[in-house]
Number of protein chains: 2
Amino acid sequence: MAKTRSTRQRRAVLEELLRAEGTHPTAAELCRRLRRHLPRLGLATVYRNLERLAHASIIQRLEWSGRPCRYDGTPEPHAHVRCLRCGRLEDVPGLDAAPLLRAAKAAKQYEVTGMQLEFLGLCPRCRHRRRRGRADH
Amino acid sequence: MAKTRSTRQRRAVLEELLRAEGTHPTAAELCRRLRRHLPRLGLATVYRNLERLAHASIIQRLEWSGRPCRYDGTPEPHAHVRCLRCGRLEDVPGLDAAPLLRAAKAAKQYEVTGMQLEFLGLCPRCRHRRRRGRADH
DNA sequence: ATAATTGCAAAACATTTGCGGGCAT
DNA sequence: ATGCCCGCAAATGTTTTGCAATTAT
């Protein structure tokens, strides 16, 4: 594995993600925000740094086919709800993930390193106005 | 919503998925298998039918960015483990999903219709030979 | 000085969509 | 006869990769 360097871009990506607490931004959203201070920042750079941070278990990458990944600044696994209509992603409080991880480790001979617990449904807004909402949050 | 018809392709897709019990095939894998009997079957047709079946809660679509979706012939949510190296996807027995769904419904004002509980790690094979495995299972 | 990292463009990849023709109802 | 569905090809949208230039060590 290559030796890691501390660059302005790498620091900025992590800082911006931590600042976005609970927002679960996509790579493109982070890039757009960061360009205010780093106008030449490339989207590929954001992706590369997020990948590295996720691999080091400093952040979490929340996957969903067809729509862009969203990123969570905390490494501890926890539950999320995703709106099937507008794509909004929120934390679900009060659900302890630790016992689930323990159960999974006991059940299979996998080396379990993480988990993703995601509920799917309609957010309050989309429940009421039953039309396609915007996907940017 | 359009009225649904029973075509040879639609029946074949569901049958093949049910026959693959526990295999969690991708759309491309299903298509390849089905072409033995339906040589002209298009991948888009497989995708369209899987989407329809998943939307009707007859099957489940298991999402993961960057790698193809895998499909599960049972509609009941249950836990899976995924190997980060070779992409293998297996069921995790002995984990009841019902109480999680109940907790999520109580915690948020979402209309929760489904869930995905996925553990990530290294499968037994990849744990031992620490090199990149194949992704076709 | 060295090699990791960047920005940009192009590639790769899974999935969706448009369309003319075919088939279930 | 109607219009849903198919196969094919092209488009879409996200993420990755190649490469020359830059920058941290």
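Letters A, B, ... are given to chains in the order of the sequence lines, protein chains preceding strands, and every chain is numbered from 1.
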Colleague: Specify the separation, in whole Å, of atom CG of A:N49 and atom P of D:dA24.
Modeller: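 So the two atoms are 13 Å apart, to the nearest Å.
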Colleague: Could you tell me whether B:A28 contacts a base, only the sugar-phosphate backbone, or nothing, with contacts defined as non-hydrogen atoms closer than 4.0 Å?
Modeller: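 No contact.
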Colleague: Can you work out whether B:R11 or B:E51 has the more 5'-proximal nearest nucleotide on DNA chain C?
Modeller: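 Upstream on the strand: B:E51.
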Colleague: Would you indicate what B:T45 reaches in the nucleic acid, counting non-hydrogen atoms under 4.0 angstrom: base, sugar-phosphate, or nothing?
Modeller: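 Counting heavy atoms under 4.0 Å across all strands, the contact made by B:T45 includes a base.
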Colleague: CD of B:E63 versus P of C:dT15: gap in Å, rounded?
Modeller: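 Taking CD of B:E63 and P of C:dT15, I get 9 Å after rounding.
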Colleague: Taking the nucleotide of DNA chain D with the closest heavy atom to each, which residue, A:C69 or B:G42, is nearer the 5' end?
Modeller: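 With A:C69 and B:G42 compared, the 5'-side residue is B:G42.
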Colleague: Does a side-chain N or O from A:Q9 land closer than 4.0 Å to OP1 or OP2 of C:dG7, or not?
Modeller: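 It does, given that an N or O in the side chain of A:Q9 lies less than 4.0 Å from OP1 or OP2 of C:dG7.
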Colleague: Could you check whether B:T26 gets within reach of a base, just the sugar-phosphate, or nothing at all, counting any heavy atom under 4.0 Å?
Modeller: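 Counting heavy atoms under 4.0 Å across all strands, no contact is made by B:T26.
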Colleague: Using whole Å, report how far CH2 of A:W64 lies from P of D:dG13.
Modeller: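 Checked: the CH2 to P distance equals 16 Å.
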Colleague: It should be established whether B:T7 places a side-chain nitrogen or oxygen under 4.0 Å from OP1 or OP2 of nucleotide C:dC23.
Modeller: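 No.
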Colleague: Could you pull out the closest heavy-atom pair between B:V92 and A:A104, with the gap in Å?
Modeller: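 What the structure gives for the nearest pair is CG1-CA, 4.4 Å.
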Colleague: Classify B:R61 by what it touches in the nucleic acid, base, sugar-phosphate, or nothing, heavy-atom distance under 4.0 Å.
Modeller: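 Since only primed, P, OP1 and OP2 atoms lie under 4.0 Å of B:R61, the category is sugar-phosphate.
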Colleague: Please determine whether any donor N or O and acceptor N or O are separated by less than 3.5 Å between the side chain of B:R67 and the base of C:dA14.
Modeller: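 Counting by modelled atom types and ignoring angles, no donor-acceptor contact under 3.5 Å is found here.
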Colleague: When you measure from the side chain of B:S6, which nucleotide among C:dT25, C:dT5, D:dT14 comes out closest?
Modeller: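 Selected nucleotide: C:dT25.
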Colleague: Step through the shown structure and confirm whether more than 12 heavy atoms of other residues, nucleotides or ligands are within 6.0 Å of CZ on A:R11.
Modeller: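 Enclosed: over 12 neighbouring heavy atoms sit under 6.0 Å from CZ of A:R11.
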Colleague: Write down the distance between CG (A:L43) and P (C:dA11), rounded to a whole number of angstrom.
Modeller: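 Rounded to whole Å, this separation is 18 Å.
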Colleague: Between CG of A:L120 and CH2 of A:W64, what distance do you get to the nearest 0.5 Å?
Modeller: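 Taking CG in A:L120 and CH2 in A:W64, the distance rounds to 7.0 Å.
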Colleague: Taking atom P of C:dT16 as reference, at what distance in whole Å does atom CZ of B:R52 sit?
Modeller: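 Roughly 13 Å, once rounded to whole Å.
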Colleague: Give the minimum heavy-atom separation between B:P75 and B:S57, together with the two atoms involved.
Modeller: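 Nearest heavy atoms, B:P75 then B:S57: CB-O, 3.1 Å.
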Colleague: Of all the heavy-atom pairs spanning A:G87 and A:R82, show the shortest one and how long it is.
Modeller: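 Minimum heavy-atom separation between A:G87 and A:R82: O-CG, 4.1 Å.
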Colleague: Using whole Å, report how far CG of A:L62 lies from P of D:dT15.
Modeller: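 Between P of D:dT15 and CG of A:L62: 12 Å.
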Colleague: Measure from OH on A:Y47 to P on C:dA10 and round the result to the nearest Å.
Modeller: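 Checked: the OH to P distance equals 19 Å.
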Colleague: Would one find a side-chain N or O of B:R40 under 4.0 angstrom from OP1 or OP2 of D:dC8?
Modeller: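 So the side-chain polar atoms of B:R40 do come within 4.0 Å of the phosphate oxygens OP1 or OP2 of D:dC8, strictly under.
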Colleague: Rounding to an integer number of Å, can you tell me how far B:R8 CZ sits from C:dA24 C1'?
Modeller: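 Going from CZ in B:R8 over to C1' in C:dA24 covers 11 Å.
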Colleague: With no hydrogens and no angle check, do the side chains of A:H78 and A:D96 hold a donor and an acceptor under 3.5 Å apart?
Modeller: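 Judged by distance alone, the side chains do not pair up.
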Colleague: Which part of the nucleic acid, if any, lies within reach of B:R5 when heavy atoms closer than 4.0 Å are counted: base, sugar-phosphate only, or nothing?
Modeller: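 Base contact.
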Colleague: Tell me which of A:R48 and A:G66 sits closer to the 5' end of DNA chain C, going by the nucleotide each one is nearest to.
Modeller: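 Looking at DNA chain C, the more 5' nearest nucleotide goes with A:R48.
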